[in-house]
Amino acid sequence: MSVDPTPQDPGAAGYLVGRGISDITGEAAEIGLLGYAKSWQQSAGLHTRLRSRAFVIAHGEQRVLLVVSELATMFDSVHRAVLRTLRDRFGDLYTEQNTMLTVTHTHAAPAGYCHHWFWNGNTHGFRPKTFDAIVDGITESVERAHADLAPANLSLAHGTLHDASVNRSRVAWLRNPDADREFFPEAIDPQTSLLRIERDGALVGSVNWFATHGTSMSNENLLISADNKGYAAYQWERLVKGVDYLADEKPQFVGAFAQTNAGDMSPNLNLRPRSGPTEDEVENTRIIGLRQYEAAAALATGQGAPLTGGVDSRVTYVDMADIHVRPEFTPDGLPHRTAPPVAGASCLAGTDEGPGFPGFRQGRNPVLDTLSRQLPYRLSRRLRETQAPKAIAIPASLSRLTRMMQERFPVQLLRIGHLYLIGIPGEATITAGLRMRRAVAAAVGADLQDVLLAGYSNGFFHYVTTPEEYDAQRYEGGSTLFGRWQQPALTQVAVELADAMREGRSVPLGVLPPDRSGKQRPYVPTPTDAPPAGRAFGDVLVPPGDACRGGDTVKAVFVGAHPGNDPHRGGTFLEVQRREGEPWRTVADDGDWSTTLRWARVGKTGSRITVTWDVPADTPPGRYRLRYHGDARTESAGTPRPFTGTTPAFEVTA
């Protein structure tokens, strides 16, 4: 075990803050993307890399660690592996108690890193390379944040953003009482909140929370993308602050865009896939991300409330399948229980922004509704009282038999000054989040706007709806796996954590879920790489034109190799270079919005790589070239061999 020394001269408010960022991009070809559950949505290239952003906030002997990763979900597999690695590196500094691992919920990130089959359905099983890239990248971001600890001032600012989300399940939302609906007159949660980190009066980091789904990119997209929140971070870090992701281990600015209660919030403003505000999903991703950035940047320069009073944390693991909910937490004032996980028919129907499987629909499914009433609900009173009116599609007995789903999960409460984060491993609707926030705010005596639901944290159990929304059995209700009383149960647990924090009491950690890391059957791709006859790896098949100008798209096609051979974590598959005297200088790589890398299979062992560069309007005139870096595995058990292809130079004119 090794612990680096940290400075002992905190700022005026007593805080030491460290920031870190790292690459977590997994396999860029032939691995299912997570979120839409479509077998055909296999990665075939890269638009933007995925990042992990870590923030260590220490005050006296106490500290908390917040990590925001550009992934679809956080799973116990990653949570457990990261904590194990941090324990080896830092001892007891970062534990289940004070570490929150949360995600942005992009639906264009690789899957295959869960230890439960339910979430690996389109990846041929567990994918070690992607899992390692995620765990290593998150760990590296934390190590960099720990090494970056320095005195800082913290402040919290709130604003509103009204044109980056829409309620995709208004039918269910309308079932909530007037007191809930009146809080959200537009049926969205417009609050945007910014935690500002300043050193010597300069903004060096921030975390923004805003509720909108990571689904600007549709289920027809095959390129890895950090989606709209990833673009928001890219805009602030790369385009505004000039961060070089490949070179800056200690960048001058790290800005994360985190999720809250985004369960029924869609970025597709026209409530159709790839639609809103334009009919171009890539442009929509940029616009929705830009709007989140602009709202956050406005909060960075406006009035904010200084944070004081240190940090605190509580966590407990609960059996979501069997929580006894007390009457004060239920809408009908009666005691209730949660139940083992059951996926409803509407869970398989998908949403308006990403249709699911044929034969299922949101709302009522007459055949399965009838079968559920006549068989399982008639035979089991508990099942009827906990899961009805859900039309049962995947029963709990099958889930337990195949270990498709986890049942024990952490619920967490972090405090940073007067900011409270309720960490749950799921995606809550705005009203489910509101009820939890109200309850915790009352318990700790905080302003409601200073209590945020940090969804998608430390694990994943799918959705959380209010009991009233659950009865509509829209997609979100069918995906509330532990039954009608899941939201009141989580509220009860969160309030227990809040009471303990207010009173300075510890809480039992609870029983952790079984460790399934040794029970995986890794999927290992077998094809080797071979160039076409008469060609070599890296050869340029289609060169760029001789000249272009800002606004044009430059394209080159290379003889390539399978991108899954090496994800190039912390590196790049491509470079756009400009001639500056004798040397060439890299001006863009595969982490930039302006570039894409597309992979296509040729025959059984061939790969064609297409690199594009959308030339920015302000690109200086000069000589440019494209480079592609690949890794060829020419023997089934061999180590991939790196190679590089380079295009002829071309001119960018004014």
Side-chain angles (χ1 to χ4, degrees), residues 15 17-24 48-57 65-71 100-106 137-138 140-142 144-145 148-150 152-159 161 164 191-212 214 225-260 285-302 304 307 416 419 421 452 454 591-593:
Y15 291 107
V17 180
R19 315 142 306 136
I21 185 170
S22 187
D23 181 9
I24 55 172
T48 63
R49 283 195 171 265
L50 311 177
R51 313 281 175 189
S52 172
R53 295 170 176 86
F55 303 86
V56 176
I57 302 174
L65 168 60
L66 174 65
V67 183
V68 182
S69 298
E70 291 169 346
L71 296 170
M100 178 179 285
L101 303 184
T102 190
V103 304
T104 63
H105 197 48
T106 171
I138 291 175
E140 186 174 69
S141 70
V142 175
R144 290 175 174 176
D148 184 61
L149 276 166
N153 292 318
L154 301 175
S155 58
L156 183 65
H158 302 291
L161 176 57
Q191 180 172 319
T192 176
S193 300
L194 188 73
L195 174 64
R196 307 188 306 204
I197 305 167
E198 295 178 301
R199 293 176 181 167
D200 299 323
L203 185 71
V204 297
S206 67
V207 184
N208 175 259
W209 288 271
F210 176 74
T212 196
S225 167
D227 213 274
N228 55 68
K229 288 187 180 290
Y231 182 84
Y234 173 81
Q235 171 74 26
W236 207 341
E237 292 171 341
R238 183 85 168 110
L239 300 186
V240 175
K241 296 293 188 179
V243 172
D244 185 338
Y245 290 126
L246 296 182
D248 295 344
E249 289 193 9
K250 287 191 175 183
Q252 63 170 320
F253 179 80
V254 177
F257 285 78
Q259 282 288 11
T260 59
T285 301
R286 188 190 68 83
I287 292 173
I288 297 298
L290 183 64
R291 290 174 179 176
Q292 291 177 76
Y293 154 73
E294 290 173 341
L299 294 177
T301 58
L307 294 182
I416 305 169
L419 169 64
L421 301 176
L452 304 178
D592 279 288
W593 183 259

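Keep in mind that this is a model prediction, so the values were computed, not measured.
- Side-chain contact check for Lys241 and Gln252: no donor-acceptor pair (N or O, by modelled atom type) lies under 3.5 Å.
- Taking the charged nitrogens against the carboxylate oxygens, Asp148 and Arg199 do have a contact shorter than 4.0 Å, which makes a salt bridge.
- The closest side-chain heavy-atom distance from Tyr234 to Arg51 is not below 4.5 Å.
- Side-chain contact check for Tyr293 versus Val240: some heavy-atom pair is nearer than 4.5 Å.
- Looking only at distances, a side-chain donor or acceptor of Glu237 sits under 3.5 Å from a matching main-chain atom of Gly255.
- Minimum heavy-atom separation, Ile24 to Ser69: CD1-CB, 3.8 Å.
- One finds the OG1 atom of Thr102 at 10.0 Å from the CG atom of Leu71 (value rounded to the nearest 0.5 Å).
- What you find for Ser206 and Phe253 is that their closest heavy atoms are OG-CZ, 3.5 Å.
- For the pair Val56 and Ala145, the tightest heavy-atom approach, listed with the atom from each and the gap, is CG2-CB, 3.9 Å.
- Using a distance-only test at 3.5 Å, with no hydrogens or angles considered, no donor-acceptor pair links the side chain of Ser155 to the main chain of Gly304.
- Between the side chain of Asn208 and the backbone N or O of Ser193, at least one donor-acceptor pair lies under 3.5 Å.
- To the nearest 0.5 Å, atoms OH (Tyr231) and CD1 (Ile287) are separated by 10.0 Å.
- Between Lys229 and Gln259 the shortest side-chain heavy-atom distance falls below 4.5 Å.
- Under the 4.5 Å side-chain criterion, counting only non-hydrogen atoms from C-beta, Leu66 is not in contact with Ile57.
- Expressed to the nearest 0.5 Å, how far CG of Leu154 lies from CD1 of Ile197 amounts to 6.0 Å.
- Side-chain atoms of Trp209 and Leu195, non-hydrogen and from C-beta on, do get closer than 4.5 Å to each other.
- For the pair Leu239/Trp593, no side-chain contact is recorded, criterion being any heavy-atom separation below 4.5 Å from C-beta on.
- A salt bridge links Glu70 and Arg53; the closest N-O separation between the charged side-chain nitrogens and carboxylate oxygens is under 4.0 Å.
- Listed here is the closest heavy atom pair of Thr48 and Ala226: OG1-N, 2.9 Å.
- Here the side chain of Thr106 pairs a donor or acceptor atom with the backbone of Ser225 at under 3.5 angstrom.
- Under the 4.5 Å side-chain criterion, counting only non-hydrogen atoms from C-beta, Phe210 is not in contact with Asn228.
- Between the Arg144 side chain and the Ser22 main chain, no donor and acceptor come within less than 3.5 Å of each other.
- For the pair Leu299/Arg196, no side-chain contact is recorded, criterion being any heavy-atom separation below 4.5 Å from C-beta on.
- Expressed to the nearest 0.5 Å, how far OH of Tyr15 lies from CD1 of Ile416 amounts to 8.0 Å.
- A donor-acceptor contact shorter than 3.5 Å is absent between the side chain of Arg238 and the backbone of Tyr245.
- Closest heavy-atom contact between Ala298 and Thr301: O-OG1, 3.2 Å.
- For the atom pair CD of Glu249 and CD1 of Ile21, the computed distance is 12.0 Å after rounding to the nearest 0.5 Å.
- Scanning both residues, Val207 and Ala258, for their nearest heavy atoms gives CG1-CB, 4.3 Å.
- Note that CG of Asp200 is 9.0 Å distant from CG of Asn153, once rounded to the nearest 0.5 Å.
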